[in-house]
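One structure is given here, and the rest of the page talks about it.
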Amino acid sequence: MIEVELKFQIPTAKRTMLLKALDPKKSNLIHLKAKYFDTPDKLLSQHGVALRLRLEGEHWVQTLKAAGKSHLHRFEHNHDFGISEHAPALDLTIYQDESEALAILQNALGDQFASLKLQFESDIQRTYRVIHFEDAEIEVSLDIGRLATETEEREVHEVEFELKQGSIQSLLAFSFEWVKKYQLWLDVRSKAEM
């Protein structure tokens, strides 16, 4: 599946205003916990690939993401493990019948599949809603939380505009208005790249 999305960092002075603009009363709220995997020498990252297990509500979902043909397009494969209190183990067997996902992993890892280890975790509160603009449906997601390794921690304050339906031109026009109003700056890095 190909995603079309734009992600922006939010200046400290504009964070409260942006949350109000998203109107929490009309939005959904979800707590996202994730575990990101890579080899010790970061082979996935070097190839623009991210592999994670994420708690979405009560469901654990394993996701493989990879760079696409442009910064606006990304490959994404999701596998829902269902409801569980505890994170399942990383399961690479789910890609055996997914040729594109398997090719991405083989290209990045070669024969080092067994070298994959937990690299960092994220703990994010996501406020999101779908907004209709011109011919498009755009999901606006505000992520607030933290990223942590064994030795370091970083705050996250970002907003993402994902095109659910409609034209890329409408997505660009919609996001440009938010960029001007809230002084956002484009950040093409995934959380794994950060």
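Residues: numbered from 1 along the sequence shown.
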Is the shortest heavy-atom distance from the side chain of [X] to the side chain of [Y] under 4.5 Å?
X	Y	result
Val156	Ile144	no
Leu92	Leu51	yes
Asp80	Trp60	no
Val140	Glu160	no

For Leu19, check side-chain contact (heavy atoms from CB on, under 4.5 Å) against everything at least two apart and list the hits. Pro24, Thr127, Leu142

Give the minimum heavy-atom separation between [X] and [Y], together with the two atoms involved.
X	Y	value
Trp185	Ile10	CZ3-C, 4.1 Å
Leu55	Ser84	CD1-O, 4.4 Å
Ala34	Arg52	CB-CD, 4.3 Å
Pro88	Phe81	CG-CD1, 3.6 Å
Ile30	Gly57	CD1-N, 3.4 Å
Arg129	Ala21	NH1-O, 4.2 Å

Could you check Asp123 against His31 for side chain to side chain contact (heavy atoms under 4.5 Å, CB included), going step by step and ending with a plain yes or no? CA-CA 8 Å; Asp123 191 352; His31 188 190; 2.4 Å; yes

Interatomic distance, [X] atom [atom1] to [Y] atom [atom2] [nearest 0.5 angstrom]:
X	Y	atom1	atom2	value
Ser45	Asp38	OG	CG	6.0 Å
Leu64	Leu105	CG	CG	5.0 Å
Glu158	Gln9	CD	CD	5.0 Å
Ser175	Ile138	OG	CD1	7.5 Å
Tyr128	Leu32	OH	CG	9.0 Å
Asp135	Gln165	CG	CD	8.5 Å

Taking everything shown except [X] itself, do over 12 heavy atoms lie less than 6.0 Å from its [atom1]?
X	atom1	value
Asp41	CG	yes
Gln96	CD	yes
Lys33	NZ	no
Phe113	CZ	yes
Lys42	NZ	yes

Between [X] and [Y] (side chain of the first, backbone of the second, donor and acceptor by atom type, cut-off under 3.5 Å), is there such a pair?
X	Y	result
His47	Leu43	yes
Ser27	Leu22	yes
Ser122	Ile124	no
Ser167	Ser170	yes
Arg126	Leu29	no

Whether the Asp91 and His79 side chains hold a donor-acceptor pair (N or O, under 3.5 Å, no angle test) is what I'd like checked. no

Below 30° counts as parallel, above 60° as perpendicular, anything between as tilted: where do the rings of Phe120 and Tyr36 land? parallel

Can you list the steps and then say if Glu76 with Thr63 is a side chain to side chain contact (heavy atoms under 4.5 Å, CB included)? CA-CA 7 Å; Glu76 182 172 329; Thr63 300; 3.8 Å; yes

Do Tyr95 and His77 make the cut of ring centroids closer than 6.0 angstrom? yes

Tell me whether Val61 is reachable from Leu118 by hopping between hydrophobic residues (I, L, V, M, F, W, Y) whose side-chain heavy atoms are closer than 4.5 Å. no

Phe174 and Phe176: same hydrophobic cluster, using ILVMFWY side-chain contacts below 4.5 Å? no

Using the salt bridge (charged side-chain N to carboxylate O under 4.0 Å, His left out) rule, pick out the option among Arg154, Lys35, Arg146 that qualifies with Glu121. Lys35

Derivation and outcome, side chain to side chain donor-acceptor pair (under 3.5 Å), residues Tyr182 and Glu177: CA-CA 9 Å; Tyr182 302 105; Glu177 292 302 316; over 6 Å; no

Please say which of Val130, Leu171, Ile131 ends up in a side chain to side chain contact (heavy atoms under 4.5 Å, CB included) with Glu137. Val130

